[in-house]
There are 2 protein chains.
Amino acid sequence: MPTVSSEELAAAAGVNSAKLRKDFSYLGSYGTRGVGYDVEYLVYQISRELGLTQDWPVVIVGIGNLGAALANYGGFASRGFRVAALIDADPAMAGKPVAGIPVQHADELERIIQDNGVSIGVIATPAGAAQAVCDRLVGAGVTSILNFAPTVLTVPDGVDVRKVDLSIELQILAFHEQRKAGEEAHADGAGPAAARRTGTGSDASADQGPDGDVPAVMPA
Amino acid sequence: MPTVSSEELAAAAGVNSAKLRKDFSYLGSYGTRGVGYDVEYLVYQISRELGLTQDWPVVIVGIGNLGAALANYGGFASRGFRVAALIDADPAMAGKPVAGIPVQHADELERIIQDNGVSIGVIATPAGAAQAVCDRLVGAGVTSILNFAPTVLTVPDGVDVRKVDLSIELQILAFHEQRKAGEEAHADGAGPAAARRTGTGSDASADQGPDGDVPAVMPA
DNA sequence: ACGTGTGAACTCGTTCACAGCC
DNA sequence: GGCTGTGAACGAGTTCACACGT
């Protein structure tokens with residue numbers, strides 16, 4: 001299929017076709033009226049706009065379970081990310097290969113960042129070490145930080161931080177789960193295990209993902 | 001400090017005080033006019049509404065690096081989650097303790113779910129195994145699934161799925177990073193390492209987190 | 001006097017609907 | 001005829017502003 005219409009894409013993505021067209025229009029006029037969008041060209045343009053065609057060297061600091069999991073994660077390469085280095089404070093880790101990349105000691109942090117022109121750092125250390133690591137990353141020139149440690153980081157202006165809290169997604173599921181259970185039996189003491197499988201609770205939103213559908217506070 | 005005003009809370013959270021009051025009002029009228037909100041009472045009411053006061057037994061399937069990282073993650077207990085069991089398909093893992101909990105073989109999955117009244121399952125398996133695990137979890141009575149595998153899962157109505165893609169957060173950082181770099185030098189060939197530290201790029205949004213600020217497509 | 005709770009005004013993103021081009 | 005691109009209509013969610021309770 002060399003070409004695709006906004007209607008088809010919208011159906012596949014589960015959104016309105018007008019919204020899709022309007023969004024695409026911000027990138028420029030890449031469609032052809034009466035025909036649709038050229039798939040290859042469209043993919044390229046979106047990839048470019050999103051930064052997928054660039055090579056982003058990334059360092060991961062803190063090679064515990066989570067750091068190792070990230071180093072092994074396959075999805076990075078296809079999105080333009082390259083794990084430039086793994087860094088850990090434990091001297092015993094130094095030289096040990098994880099996911100085929102040798103772990104380097106934290107002393108080398110500044111040199112590694114500068115040698116590789118790294119602008120994105122991932123923090124997977126314990127909470128206590130996160131701010132210090134963050135400060136060193138920023139000092140060495142990193143301007144974007146992905147933080148897995150359960151701490152809010154303080155950074156100077158111009159540096160982006162995104163915090164990933166693995167338990168927040170669970171929280172959201174539990175919130176919905178609670179609503180499912182409390183649909184009829186509003187007895188407050190009933191544990192979540194009590195009323196499982198509440199028929200066909202047709203949950204309108206079928207999208208899987210962190211955006212949308214976040215449980216702000218809802219009417220009782 | 002036994003009591004707090006919406007103004008103080010709003011300042012701390014970085015939001016508008018009216019929005020905060022309106023949100024709270026959906027839970028009921030827990031404030032006192034002329035005084036503010038009783039901190040302890042407010043915390044309890046919000047905790048209850050969010051499901052933090054309940055005990056949510058959770059199983060983690062797939063005890064690789066990521067599964068182990070999740071099992072070790074400290075933030076669960078304080079939010080009402082209890083890791084009821086760790087499950088892996090590898091017989092060699094069976095009985096091995098991870099984070100103090102012995103890993104059980106996948107054969108036991110249905111029994112474990114039912115014995116513990118588990119309604120939330122976490123999938124940290126390779127992509128290839130995810131759908132099969134998901135089907136078994138759902139068959140055993142699980143109605144909420146947190147999926148770390150890079151696959152979109154198909155589930156029956158009434159089951160919630162949330163997909164966590166660890167590379168998407170990096171993607172978002174890279175997107176912003178690209179905009180920082182391209183602010184003046186619009187030369188397309190210039191790598192991301194070229195123009196680091198673009199002065200004081202006053203990034204208005206200071207919030208760290210997956211909600212808000214997601215890069216939909218923006219005007220060129 | 002102070003701060004909540006909430007109708008009313010407003011803002012911004014989505015959806016409609018159609019003119020314009022292939 | 002079909003489908004894009006986009007101004008105009010719409011609506012959800014946020015902010016304003018003030019009446020009311022303490």
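So you know, we letter chains A, B, ... as the sequences are listed, proteins then strands, and number each from 1.
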Separation of C/dT6 atom C1' from B/Arg21 atom CZ, nearest Å, is 9 Å
Would you confirm whether the ring centroid of A/Tyr30 sits within less than 6.0 angstrom of the ring centroid of A/Tyr37?
no
Taking CG from B/Asp38 and P from C/dT4, how many angstroms apart are they, rounded to a whole number?
13 Å
Could you check how far CZ of B/Phe24 sits from P of C/dG3, rounded to whole Å?
16 Å
Compute the centroid of each ring, for A/Phe76 and then for A/Tyr73, and state whether the two points are separated by less than 6.0 Å.
yes
So, are A/Arg21 and A/Glu7 salt-bridged, with charged N and O less than 4.0 Å apart?
no
Scan B/Ser17 against the nucleic acid and name what it touches under 4.0 Å (heavy atoms): base, sugar-phosphate only, or nothing.
nothing
Determine, stepwise, if the pair A/Glu169 / B/Lys163 fulfils salt bridge (charged side-chain N to carboxylate O under 4.0 Å, His left out).
CA-CA 9 Å; A/Glu169 296 291 326; B/Lys163 185 176 181 302; over 6 Å; no
Between A/Leu20 (CG) and C/dC16 (P), how many Å, whole number?
14 Å
Using whole Å, report how far OH of A/Tyr30 lies from C1' of D/dC3.
19 Å
Pick the nucleotide of DNA chain C nearest each of A/Val15 and B/Ser5; which residue has the one closer to the 5' end?
B/Ser5
Between B/Glu7 (CD) and C/dA1 (P), how many Å, whole number?
19 Å
When you get a sec, tell me which of C/dA8, D/dG5, C/dG3 is the closest nucleotide to the side chain of B/Arg33?
C/dG3
Assign each of B/Gly34 and B/Tyr37 to its nearest nucleotide of DNA chain C by heavy atoms, then name whichever residue's nucleotide is nearer the 5' end.
B/Gly34
Using modelled atom types only, decide if a donor and an acceptor are shared between the side chain of A/Asn116 and the backbone of A/Val118 within a distance under 3.5 Å.
no
Nearest to the side chain of B/Ser25 - C/dT6, D/dC16, C/dC16?
C/dT6
Considering just the side-chain nitrogens and oxygens of A/Lys22, establish if one lies under 4.0 Å of OP1 or OP2 belonging to D/dT6.
no
Looking only at side-chain N and O atoms, does A/Thr32 come under 4.0 Å of OP1 or OP2 in D/dT4?
no
Taking only side-chain N and O atoms of A/Lys19, does any of them lie within less than 4.0 angstrom of OP1 or OP2 on C/dT14?
yes
A/Asn16 CG to D/dC10 C1', straight-line distance once rounded to whole Å
13 Å
D/dC3 phosphate, OP1 or OP2: any side-chain N/O from A/Ser6 under 4.0 angstrom?
no
Tell me: OH of A/Tyr26 to C1' of D/dT4, nearest whole Å?
15 Å
